[in-house]
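Step one of this worksheet: look at the structure below.
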Amino acid sequence: MDKIKYYLVNSNILPAIYSKVVDAKNYLASGEAQSASQAAKMAGISRSAYYKYKDAIFEYNGDTNDETETISAKLKDNAGVLSALMSEIYKAGANVLSVNQSVPVNSVADISVTIRVTQMTISVRELAQAIEKIDGVNFVSLK
């Protein structure tokens, strides 16, 4: 069996069909399209073209490790504390990628929020300082 080779190619030199297949895959992944047929139609390609290339072309987004931060915090088990924390993240312009919260023990819950920081209007340190000021936040750290 032949080994599969991959190339990283500028999309500007490729036929438009490849970009349209990626668009169709994105429509499906985001839920904008409910089926492959609908996604292909939205992208302006035939369903057969979508199926021909869908498993062979992928969008490259680069290494996103430097675009994310994880905020760890200890929150009191009071109504609205997590909501206030999320509000600060929203105001800073960050995008929440994941939220993990433990069940409160002794009225304190551990939380971990991973955010994309590329569109933030303030620094991550300033965000952490704003979160520390929230009533009910006992501890904040960045990872």
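Position 1 is the first residue of the sequence; numbering continues from there.
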Distance check, rounded to the nearest 0.5 Å: [X] atom [atom1] versus [Y] atom [atom2]?
X: Ile111; Y: Ile71; atom1: CD1; atom2: CD1; value: 9.5 Å
X: Tyr53; Y: Lys25; atom1: OH; atom2: NZ; value: 13.5 Å
X: Met120; Y: Glu126; atom1: CE; atom2: CD; value: 8.0 Å
X: Met42; Y: Asn26; atom1: CE; atom2: CG; value: 11.0 Å
X: Tyr18; Y: Ile13; atom1: OH; atom2: CD1; value: 11.0 Å
X: Leu127; Y: Glu132; atom1: CG; atom2: CD; value: 10.0 Å

Close side-chain approach of [X] to [Y], heavy-atom, < 4.5 Å:
X: Ile4; Y: Tyr6; answer: yes
X: Val140; Y: Gln129; answer: no
X: Val137; Y: Lys74; answer: no
X: Lys143; Y: Glu69; answer: no
X: Val9; Y: Leu14; answer: yes
X: Asn95; Y: Ile115; answer: no
X: Asn138; Y: Leu75; answer: no

**Neighbour count above 12 (heavy atom, 6.0 Å) for Asn106 CG** =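 Atom CG in Asn106 is not crowded, with 12 or fewer foreign heavy atoms closer than 6.0 Å.
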**Request:** Please check if atom OH in Tyr90 has more than 12 non-hydrogen atoms from other residues, nucleotides or ligands closer than 6.0 Å.
**Result:**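 Check fails, neighbour count at 12 or below.
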[X] and [Y]: same hydrophobic cluster, using ILVMFWY side-chain contacts below 4.5 Å?
X: Phe139; Y: Val81; answer: no
X: Val124; Y: Val96; answer: yes
X: Ile134; Y: Met86; answer: yes

**Request:** Step by step, work out the side chain to side chain contact (heavy atoms under 4.5 Å, CB included) result for Val22 and Tyr27.
**Result:** CA-CA 9 Å; Val22 169; Tyr27 290 138; over 6 Å; no
**Message:** Under the side chain to side chain donor-acceptor pair (under 3.5 Å) definition, can you give me all pairs with a residue in residues 75-89, not counting sequence neighbours?
**Reply:**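 Qualifying pairs, neighbours excluded: Glu88-Lys91.
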**Request:** Please answer whether the main-chain N or O of Gln34 pairs with a side-chain N or O of Gln38 as donor and acceptor at a distance below 3.5 Å.
**Result:**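 Yes; judged by distance alone, with no hydrogens or angles, the pair exists.
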**Message:** Could you tell me if Thr70 and Thr114 have a donor-acceptor pair between their side chains, going purely by distance under 3.5 Å?
**Reply:**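 There is such a pair (donor and acceptor under 3.5 Å, judged by atom type) between the side chains of Thr114 and Thr70.
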**Prompt:** If you measure only the distance, is there a donor-acceptor pair under 3.5 Å linking the side chains of Ser37 and Ser35?
**Reply:**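 Result is no, nothing qualifies.
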Which heavy-atom pair separates [X] from [Y] by the least distance, and what is that distance?
X: Gln101; Y: Leu82; value: OE1-CD2, 3.3 Å
X: Val117; Y: Thr68; value: CG2-N, 4.3 Å
X: Ser11; Y: Ser19; value: CB-OG, 4.4 Å
X: Ala43; Y: Asp23; value: CB-CB, 4.2 Å
X: Val21; Y: Ala49; value: CG2-O, 4.1 Å

